[in-house]
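Structure record follows, encoded as structure tokens.
These numbers come from the heavy atoms of this one structure, side chains and all, not from hydrogens, waters or symmetry mates. All chains are named by letter (A, B, ...) in the order of the sequence lines, taking the proteins before the strands, and each is independently numbered beginning at 1.
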Amino acid sequence: MYVAVKGGEAAIEKAHRLLADRRRGERTVPALTPEQIVGQLSLAVDRVMAEGSLYDSELAAMAVRQARGDLIEAIFLLRAYRTTLARFGVSRPIDTAAMRIERRVSATYKDIPGGQLLGPTFDYTHRLIDPAMAEDLPVEEPARRPSSEETALRVTDILNSEGLIEPDARSESEPGDLTRDPVSFPAGRDLRLQALARGDEGFLLSLSYSTQRGYGRTHPFVGEVRIGLVDVEIDSPELGFAVKLGSIRVTECQMVSQFTGSAEEAPRFTRGYGLVFGQSERKAMAMSLVDRALRADEFDEQRLAPAQDEEFVLAHCDNVEATGFVEHLKLPHYVDFQAELDLLRQLRRESHPLQHEEETQEAAE
Amino acid sequence: MTLPAYNFAYLDEQTKRMIRRAILKAIAIPGYQVPFASREMPMPYGWGTGGVQVTASILGPDDVLKVIDQGADDTTNAVSIRAFFAKTAGVATTTRTAGATVIQTRHRIPETPLKAGQILVYQVPIPEPLRFLEPRETETRVMHGLEEYGLIQVKLYEDIARHGHIATTYAYPVKIEGRYVMDPSPIPKFDNPKMRNSPALQLFGAGREKRIYALPPFTEVVSLDFEDHPFSVQRFSQPCALCNATGVYLDEVVTDDRGGRMFVCSDTDHCETRQADGHRGPGLPQTQQEDAA
Amino acid sequence: MRADIFDGGFADPVFTSQAVFRAVMDASARPGTIADLGDVAQAPAPVPAATAAILLTLADFDTPVWFEGADSTAASQWLSFHTGAVTTPDAAAASFAVLEEGSDASTWSQFAQGTADYPDRSATLLLPLAGLEGGRSLTLSGPGIEGRAVIAPRGLPEDFIEVMQANRSCYPLGFDVVLVCGTQALALPRTVRIEV
């Protein structure tokens, strides 16, 4: 006799218990600490902070651990926490020209004031799995340049001084916030940049790659990529001046791209902009390429490619939304499926009545 | 670092206010999708975050909540959402349609007719009925504004030309009070007639798509159709194997690997209530008492 | 500032605002029914208790509020203290309009009625009356009403019926109205058809 499935609650409880077991792994091996994750998987933590849009390395590390290393799951955990936080104020715009630089490279000049600083990069490493990674061998202290508080001029400022590049976009209007107001299209560059900064690294990487292969080509050069610490300040109306809350590490990319000019404007370079929490060059570069591609209308470029399509990019770049909707397909859909089954049987009956009869007979046999 | 503490029904008061304002405008413009600043919820998008946000914004301590998925109270996601509200709001929960003040649903409308004072909250994946005809929000918004619904009629008519029927079996579009075309969420079209002139308030929440819409009680809801091809609902040739109900939506259950199958009520509460009242279907062992009844 | 500006808020904001919201939602979903919001909020005169409760429940820094009449300073300060909502002098920008008894209905076209793309971007008008019962009978029909409903509010502005009929004729554009008296509220969303 048929008995309807029962006991969803018990099943869920047991599944969660098993998950906790698998998360912990072999009990004789010491558990990971958030400190270890922050210190030794720092780029994973950076990605979770960037796409979770919450700068808190300890919470991000806990999320990475809780998610068993699934970074999109960790990003989701951080987002779901972030959304419950009260908002106490709005910081002043951070000043990346005053960044304490850890890495800074430009592809557009051989040398630049302040120098090219390679910093902690994978570039020029040979991708050979290092046997040392199987052990905990001593690691040399890094060589450091003599400490200098001097800041480095942005490459775009060099170009700007000659008028060769469009000036920094200035606006006195309050930037929008897509976490507080539903996006309506056209969204404007402020909301686009916010969406891209929170957007999925893989999605933006592939989109930006598509622009390099002719789907919305922008002729890009890396004006500059810089990584380092910037101060976060908040205006204090009581004190009458800005108060420093702390520093955050960010990666900024200024992509310089061609613009042939128009009837009204002389030819000059244009910008694509990327800014990401933590050290994430790939994401910042991808973001800057997509930002530039999305500005097609501003430069009277034909919008033909996916990367130039604001609705397409903004509606699909968020991995928490994307993973939810893709994965929800595993939830039961049997009521709708039943409706489709019914229709399909009916259509088959009507289109091939004879064949259908044979099939039914076969089934009956 | 302070460990998280959450408000009654999880959402903070500012978020609830924003959602409540959206609900009131949705009620004032039946069938129109009101944009709202949907929040990330502690369950994934696609799992009912829109419905959960609506429920969290309306729920009070005296409410009795029922949650169904596919018509069943015991499907894992229904269990999970019910547990979420029992934990974060401490509200009473029930599986009885008649005993609930708020019913959150995915993919079904209960068979037991709803009453005045009840609220049905739908989880909606894609709120835009025109989305699969026109992917752009900027375009569909204008189409709603101009009441330009020719495209959807053409789509339904193409079905008729190709198959001899309208081939939409669920999420079947409806027109509200002669104005807005609305997606009823992926309920089977079998349930469409229940939306019309219902004494209950019906609220629709789409979290990922950030839209809320509503049907006040006693609102005109018409399933789109054509004079020569009127709207019709699915009919099942046999009664429920467990409770003998007819005129209800049935799930097909595969019972063995030789093609054996049986049909049982999708609405588990309806089925159990009928069985408790002594109704027995052909799938149950027949008893003497049954014959006497 | 007057002391009454700091008083009159909800004693239990989470649960009171939920209860008030549900009452207002039910009233909006069933135009013609009178909801009693309870004696839960007091704003400085002349703002009725029901208006105060609705504002505490729904207004915040995202919703500009417009006050009719010269004597609204205290009410505006009260609102700002309790909800963070900003009072706007621009009627067209208001999410909520706090009207006076005997408001001139012919001026209501100044309030936001939404756009064809976004009809929800429209104002909600809170109109105080001498009473929600005991006046001339009006017949209502439309969504939320089974057949017809009869209301008999007292002290309606002169052009009220004509203005509401004109508002209905612009549907889906329009403003939504809540009639208030003491702690009671009666919602008239833009969908409602009013006949004498």
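Among the candidates B:G60, B:A9, B:A22, B:A116, the residue making the largest number of heavy-atom pairs closer than 4.5 Å to chain C is B:G60. Contact count versus chain B (heavy atoms, under 4.5 Å) is highest, among C:A116, C:G84, C:A29, for C:A29. Comparing C:G114, C:P143, C:P31 by how many heavy-atom pairs each has under 4.5 Å with chain B, the most go to C:P143. Looking only at heavy-atom pairs under 4.5 Å with chain C, the residue among B:G145, B:P216, B:S57, B:P217 that has the most is B:P217. Chain C forms more heavy-atom pairs under 4.5 Å with one residue of B:I27, B:I23, B:I29, B:T219 than with any other, namely B:I29. If you tally non-hydrogen atom pairs under 4.5 Å between each of C:P189, C:S95, C:G144 and chain B, the highest count goes to C:G144.
Contact of B:R21 with chain C is made through backbone and side chain together, with heavy-atom distances under 4.5 Å. With a 4.5 angstrom heavy-atom cutoff, C:T124 touches chain B via backbone and side-chain atoms both. When heavy atoms are compared at a cutoff of 4.5 Å, C:T115 does not approach chain B at all. Contacts of C:F175 with chain B are absent, with no heavy-atom separation under 4.5 Å from either backbone or side chain. Only the backbone of C:I145 comes within contact range of chain B, judged by heavy atoms closer than 4.5 Å. In this structure, no portion of C:A187 lies under 4.5 Å from any heavy atom of chain B. Proximity to chain C (any heavy atom under 4.5 Å) is shown, for B:D12, by neither the backbone nor the side chain. Only the side chain of B:L24 comes within contact range of chain C, with at least one heavy atom under 4.5 Å from a heavy atom of that chain.
Minimum heavy-atom separation, C:T191 to B:A28: CG2-O, 3.2 Å. The minimum heavy-atom distance linking B:Y32 with C:D117 is given by the pair OH-O, 3.4 Å. What you find for C:S17 and B:R20 is that their closest heavy atoms are OG-NH1, 3.7 Å. The minimum heavy-atom distance linking B:L203 with C:M25 is given by the pair CD1-SD, 4.2 Å. Contact record, B:D63 with C:Q18: OD2-NE2, 4.2 Å, taken as the closest heavy-atom pair. Across C:Y171 and B:P30, no two heavy atoms sit closer than the pair OH-CD, 3.3 Å.
For C:R136, the CZ atom sits in a loose shell: 12 or fewer heavy atoms of surrounding residues, nucleotides or ligands are nearer than 6.0 Å. Remark: C:F15 CZ is packed, more than 12 non-hydrogen atoms of other residues, nucleotides or ligands lying under 6.0 Å away. Other residues, nucleotides and ligands contribute at most 12 non-hydrogen atoms within 6.0 Å of the CD atom of C:E158.
At a threshold of 4.5 Å between non-hydrogen side-chain atoms, the residues C:R22 and B:I119 count as touching. Counting only heavy atoms from C-beta outward, the side chains of C:E146 and B:P199 never approach each other to under 4.5 Å. When side chains are defined from C-beta on, B:Y180 counts as touching C:P172, because their heavy atoms get closer than 4.5 Å.
Annotation: cation-pi pair B:R141/C:Y118 present, NZ/CZ under 6.0 Å from the ring centroid and within 45° of its normal.
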**OP:** Decide yes or no on side-chain contact (heavy atoms from CB on, under 4.5 Å) for B:Q33 and C:D120, but give the supporting numbers first.
**Re:** CA-CA 9 Å; B:Q33 306 159 49; C:D120 56 304; over 6 Å; no

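Taken from OG1 in C:T63 to CE in B:M18, the straight-line distance is 12.5 Å, to the nearest 0.5 Å.
Using a 4.0 Å cut-off between charged side-chain N and carboxylate O, C:D60 and B:K16 make no salt bridge.
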